[in-house]
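To start, the structure under review is shown below, and the notes come after it.
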Amino acid sequence: MLKLKGIAASQGISFAKAYVFVEPDLTVKEVKIEDVAAEIKRFEDAIEASKKELTIIKENALASLGADKAAVFEAHLLILDDPEFMGTVKTDIESKVINAEYAFKETSDMFISMFEAMDNEYMKERAADIRDVSKRILAHLLGVDLPNPSLIDEEVIVIAEDLTPSDTAQLNKKYVKGFATNIGGRTSHSAIMARSLEIPAVVGTSSITEDVKNGDILILDGLDGVVLVNPDEATTAEYKEKHAKFEAQKAEWAKLVTEKSVTKDGHEVILAANIGTPADLEGVKNNGGEAVGLYRTEFLYMGREQLPTEDEQFEAYKAVLEGMGDKPVVVRTLDIGGDKELPYLDLPKEMNPFLGFRAIRLCLEEKDLFRTQLRALLRASVYGKLCVMFPMIATVQEFRAAKALFLEEKEKLVAEGVAVSNDIELGIMVEIPSTAVIADIFAKEVDFFSIGTNDLIQYTMAADRMSEKVSYLYQPYNPAILRLVKNVIEASHKEGKWTGMCGEMAGDSLAIPLLLGMGLDEFSMSATSILQARSQIKNLTLDEMKELVEKAVMCATTEEVLALIEEYTK
Ligand code: PEP
Ligand code: MG
């Protein structure tokens with residue numbers, strides 16, 4: 001039995017076989033062959049096997065992700081039927097008397113370079129399709145398995161170097177009982193998505209792809225960040241008990257689903273949910289969410305081939321606003337960049353993507369893209385209580401520029417006779433230290449703040465949120481972070497505005513006592529954390545938490561703050 005330690009990224013315990021999601025080695029060598037006919041037959045068999053697989057993948061994608069995503073696989077199938085491409089490979093096998101994999105690799109490389117060299121964006125994208133299909137055929141010729149999460153049809157725990165947000169979105173909850181990765185931290189987007197999908201996850205194990213092989217029996221403990229490989233009977237029994245305890249605890253919390261979030265001395269706060277798609281609303285309702293505090297709209301733009309249209313966006317925003325009824329929905333405008341890429345936008349490769357051309361910086365330059373989103377939001381605003389917030393605001397001018405575009409689009413829609421709400425609040429994410437420091441100045445211009453601690457902590461501590469090596473610097477209770485957060489909340493209250501928090505810190509049971517004491521108005525977290533937080537808040541007293549905060553901001557270290565929290569909450 002092997003015990004691997006990582007970072008607990010999504011609560012829960014699961015038991016299943018390992019499904020190792022790593023790219024196999026597909027390098028090929030040129031080999032002279034004897035039997036040309038047999039080699040051509042081998043190549044044709046690989047094409048047939050690839051077609052069968054792609055047909056299943058296409059059907060799965062059609063059922064779970066829609067026609068748009070399934071179209072990619074249709075394009076892949078067409079490549080397999082291309083007479084020029086496949087004919088060239090056969091001619092090469094025959095004329096050069098060489099092995100199929102080498103002849104195939106040479107031909108596909110030639111087609112890829114040809115498409116990549118074209119001026120037309122659409123044609124350039126075809127190069128990526130050919131690369132994908134080629135991997136599949138080569139895997140068949142070499143007799144190695146190509147991992148594909150959408151082909152999984154039994155219960156597994158996925159093991160990977162890392163999962164991109166779109167890999168994570170494709171995991172089928174019915175079969176994928178959890179995942180564990182080599183890299184990533186609690187606030188990397190795959191971890192955040194695991195929480196909204198409600199599947200246990202452990203990230204940042206460093207070496208799990210080397211330590212685990214396909215079919216190993218695993219226990220994944222997303223409560224303590226541990227993975228057990230081929231556990232013995234006693235350990236399995238111990239974890240079954242831990243699992244049952246956690247399920248019983250969840251059943252207790254579930255009783256609070258329709259209750260308000262009030263401290264012992266009657267101070268009420270809003271417990272809201274972070275969502276990525278309209279489908280997440282079900283979880284918000286099941287977990288008693290009182291608002292949507294962060295709708296990450298970038299997921300609408302990801303895992304597809306082109307930008308979503310205004311109408312597509314309108315439908316998604318309307319669904320969320322209608323679904324929440326009169327409860328507030330805070331929609332964040334496009335926050336692409338960092339660990340969230342959009343291949344079809346062809347953004348520059350940067351040395352430090354988290355510090356680069358992303359979020360509002362991109363939207364203020366690509367104005368058409370931004371205006372389309374603002375129009376869709378404005379049109380949807382009549383279906384509920386909309387709050388719009390801009391991500392990664394570093395300067396007052398950025399907020400003013402974004403607000404001006406918003407007002408321009410509003411005016412245009414009104415002139416066109418389109419109904420628009422007059423009750424939309426405009427706010428910003430506070431996730432860059434420059435903004436937290438002059439929150440008093442911002443507070444005069446915005447309607448609300450939402451503190452994005454995932455980024456605020458990474459920028460304040462200068463510690464990449466994707467790196468497990470520096471994850472010790474993700475210190476929500478560090479006095480530096482506490483002072484910034486307190487400053488933002490106080491500044492908003494002085495101007496009669498409200499402050500929410502939508503970073504992961506808002507749902508952290510150790511941070512909640514401090515945030516309550518600072519007067520945070522809205523706590524927005526993964527839906528699955530809401531009931532636990534409500535149960536905790538019911539046992540706390542506002543006056544005591546205020547006292548805790550006054551002492552905590554004077555501490556020197558995180559450890560001292562943690563000791564104080566323990567003292568005030570036991
Ligand atoms: C944050 O930075 O805290 C935040 C909520 O935004 P994201 O995690 O999407 O960067
Ligand atoms: Mg952020």
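As the structure lists them, so they are numbered: ligands from 1, and atoms in each ligand from 1. Below, all heavy atoms of this structure are taken into account, side chains as well, without hydrogens, waters or symmetry copies.
- The aromatic rings of Phe448 and Trp498 lie parallel to each other, their planes meeting at an angle below 30°, with 60° marking the opposite boundary.
- Restricting Glu431 to its N, O or S atoms, the one at the least distance from the Mg ion (ligand 2) is OE1.
- In this structure, Arg332 counts as a contact residue of ligand 1, since one of its heavy atoms falls inside 4.0 Å of the ligand.
- When Met429, Arg465, Glu431 are ranked by how near their heavy atoms come to atom 10 (O) of ligand 1, first place goes to Arg465.
- Geometrically, Lys318 engages Tyr383 in a cation-pi contact defined by less than 6.0 Å to the ring centre and at most 45° from the axis.
- Looking at Arg296 and Asp335, no side-chain N of the basic residue comes within less than 4.0 Å of a carboxylate O on the acidic one, giving no salt bridge.
- A salt bridge between Glu290 and Lys260 is absent, with no side-chain N of the basic residue lying under 4.0 Å from a carboxylate O of the acidic one.
- Near Cys502, meaning under 4.0 Å from one of its heavy atoms, ligand 1 places the atoms 5 (C).
- The existence of a salt bridge linking Lys403 and Glu445 is excluded, since no basic side-chain nitrogen approaches an acidic carboxylate oxygen closer than 4.0 Å.
- For ligand 1, the polar-atom distance check against Glu504 finds no nitrogen or oxygen pair separated by under 3.5 Å.
- By the criterion of a heavy-atom distance under 4.0 Å, the side chain of Arg296, and not its backbone, is placed next to ligand 1.
- In Lys340, the part holding a heavy atom less than 4.0 Å from any atom of ligand 1 is the side chain.
- Looking only at atom types and distance, the side chain of Ser381 has no donor-acceptor partner in the side chain of Ser421 under 3.5 Å away.
- Checked against a 3.5 angstrom limit, the closest N/O atoms of Asp455 and ligand 1 fall inside it.
- For Met505, no heavy-atom contact with ligand 1 is shorter than 4.0 Å.
- If you look at Asp455 and ask which of its N, O or S atoms sits nearest the Mg ion (ligand 2), the answer is OD2.
- Using a cutoff of 4.0 Å between basic side-chain nitrogens and carboxylate oxygens, Glu298 and Arg358 are not scored as salt-bridged.
- A salt bridge does not link Lys173 to Glu198: none of the charged nitrogens lies less than 4.0 Å from a carboxylate oxygen.
- Of the heavy atoms in Leu294, only side-chain atoms (C-beta onward) come closer than 4.0 Å to ligand 1.
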